[in-house]
**Q** 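My structure is below; once you've seen it, I'll send some questions.
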Amino acid sequence: MGQAYQWLAAALLGQRGYLFPWTPVFLAAGIGLFFALRVEPSAAVLWVCGSVGILVVLQHRAGPVYGPLLAAVALVALGFALAGVRAHRVAGPVLDFRYYGAVTGRVVQIDRSASDALRLTLDRVQLERMDPDEVPARVRVSLHGTQGYLDPKPGQVVMLTGHLSPPGGAVEPGGFDFRRHAWFLRLGAVGYTRNPVLLLEEADAGLPVARLRMWLSARVQAALPGERGAFAAAIMTGDRSGMGQETLQALRDSNLAHLLAISGLHMGLLAGFVFAALRLVLLVHPHSRHRWPVKKLAAGGALLAAAGYLALSGGNVATERAFIMVAAALSALMLDRRALSLRSVAIAALVVLVLWPEALLGPGFQMSFAATTALVAVFERLTIWQRDHELPRWVGPVLSVVVSSAVAGAATAPVGMAHFNQMAHYGLLANLTAVPVMGILVVPLAVLSALLMPFGLDWIALQVMALGLGWILGVAHEVAGWQGAVGHVVAPGPMVLPLIAFGGLLLCLWRGRARMAGVVPMAAAALLWCQTERPPVLISDSGTLVGLMTAQGRALSRDRGSGFVAGVWLENDGLGSSQPEAAALWPQPVTGRVARAEMSGVEILHLQGKRAAASVTGCAPSQIVVSSVDLVLPGGCRIFDPRSLRDSGSVAVWTDGTDVRVVTDRDLSGQRLWHGRAPEPVRLAQNAQ
């Protein structure tokens, strides 16, 4: 025991002065623990965890060894409490049935769905024949069919006739839980309309920033028609509604999609350009050059410009993180402190996690902080190395571009592969070709166009800016078109990303040779990822799709319909096939909308529609019957229909002769606030006589 204490004391004392960057790590551990629970913790538990946070204040009395350990425990408890309080604060009504009828509300956000349909988010919602206290705070509606009678703008009050339903759960057990995501967005229902959207009231004085943002986006796209204008609008305002799916896919496949998100790159380039320009202007005149604190004034001006950019962008997590980082760096300059350090990264992470604990689970937060932490850590060591090695002047900028692209790509690659199940093989080359153009040409001209806009001369800067945007889009389409540009990877298990994150943090934050121990959890994560086993049978939560794993890949029971579910299953399998290709792998011909297959001695029957369900009058205990309509069959088979799937959610099945193991989404996600009412006993088998 004494030896262990001495080893721990020596290790912690060796990190003295470098422990603060670990603060958001332990806070995030508590947040992650809250979201990993299957049962909602009581208010008393949250109060106790929050009270434990006082240990952070008292930890300095515990000494240099037990003090940091006590602080770590307190931060975990505090993170747990923060996540719980946030979950209760955003609570609101969630639709618990399928609604069809009139929907009235105010437009607060405009974007596009995965199917490239224009999508409106509405607040101040009114639904006919519903108690106002039970109406969701926000709903999101995709616009299909004949539209064009209205040009949607934030603040308008609109009316439509549409279909609404509760936010759906994971499309497979253990997958992304959209209900949880929607809960923190205060989305109580999602749906679509095929009828024209009508204007009830023009936009009032509310939502001024959102209206300014959409006005600026429209002005930019009017000056630059086509994809270049849509790209410019996305960079300058965060509005991506004008981007086509083909262009978006090319940017993803070439690993250039990060240029669309207003994140650290854009915020840093904008702040750096404004800082340099203001400093240059202030240095021109002798009076200001010798009497004014030029650097501090330039930093203050750059901070104001970054704040304005944040307001215009819509304020997603990546932009907020970037602004906090820039604000910390510029504030450090104004206070004569070191601008970039792991401490400033930790401060940014703390602010985001305290305000929005749920951001921890999103790819935006994970990729953003993975890249920033790795870049700061690597450049700290690179600076030390450059002090001992004299290099020609031109080498520095070139080395910075190459190293930053390589490090950021390596840090974000595991997160991107885990969330999106693909990797861009030529992403580094695409970034080395496109990112310098973004910094040298696009961002400075975007700032210049904003300055010229009051004089009506912004079109001059935008036309030159279009040259850089055209180059970036050309690189994206060219690289995405190369053979083997995109690789597909299987979705990892739940422990893979935490292990990779822990290993990466050890490598970046720990001081001394012991940081190389971070390679161990990363290697363990890679081994776990390589051994990931995909479910042999998947059943959608509506009973409309079944997927069987075969030697050639996932076989689907239908070649169209349930396209989103099919796409996610095939992406998670890491095979990259399309739904029609997967449907062609189904073992037996589908006749009369009845799909049959056999797997490991168990017959699987998928009945698609009422007529198909009526054609089957009985079943055997060795059968699994999936139906898209409610079903009662004699014979003791295992039935999955909308009635049972409503509470169980999506289903994964492992079969081995008479041994059938079933795992449902509810088994893994439990009963949390965002799941609504407690489920009835799950009816996985029906034994009607």
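All figures in this text were calculated on a predicted structure; none of them were measured in a lab.
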**Q** Can you tell me which residue among T193, V197, V190 is in a side chain to side chain contact (heavy atoms under 4.5 Å, CB included) with V141?
**A** T193

**Q** So, are R534 and E172 salt-bridged, with charged N and O less than 4.0 Å apart?
**A** yes

**Q** Does R106 use its side chain to pair, donor to acceptor, with the backbone of Q156 at less than 3.5 Å?
**A** no

**Q** Strictly by modelled atom types, are S217 and D239 linked by a side-chain donor-acceptor pair under 3.5 Å?
**A** yes

**Q** Quiz question: by atom type and distance under 3.5 Å, do the side chains of E40 and H675 form a donor-acceptor pair?
**A** no

**Q** Less than 3.5 Å apart, any donor N or O on the side chain of S540 or S650 sitting next to an acceptor on the other?
**A** no

**Q** How far does CE of M159 sit from OG1 of T161, to the nearest 0.5 angstrom?
**A** 6.5 Å

**Q** Drop me the distance from R112's CZ to R240's CZ, to the nearest 0.5 angstrom.
**A** 13.5 Å

**Q** Centres of the F176 and H181 rings: under 6.0 Å?
**A** yes

**Q** Mind checking the CZ-CH2 spacing from F184 to W674? Nearest 0.5 Å is all I need.
**A** 5.0 Å

**Q** If you draw the axis of the six-membered ring of F34, does the NZ or CZ of R672 fall within 45° of it and under 6.0 Å from the ring centre?
**A** yes

**Q** Heavy-atom count check: over 12 atoms from other residues, nucleotides or ligands less than 6.0 Å from Q245 CD?
**A** yes

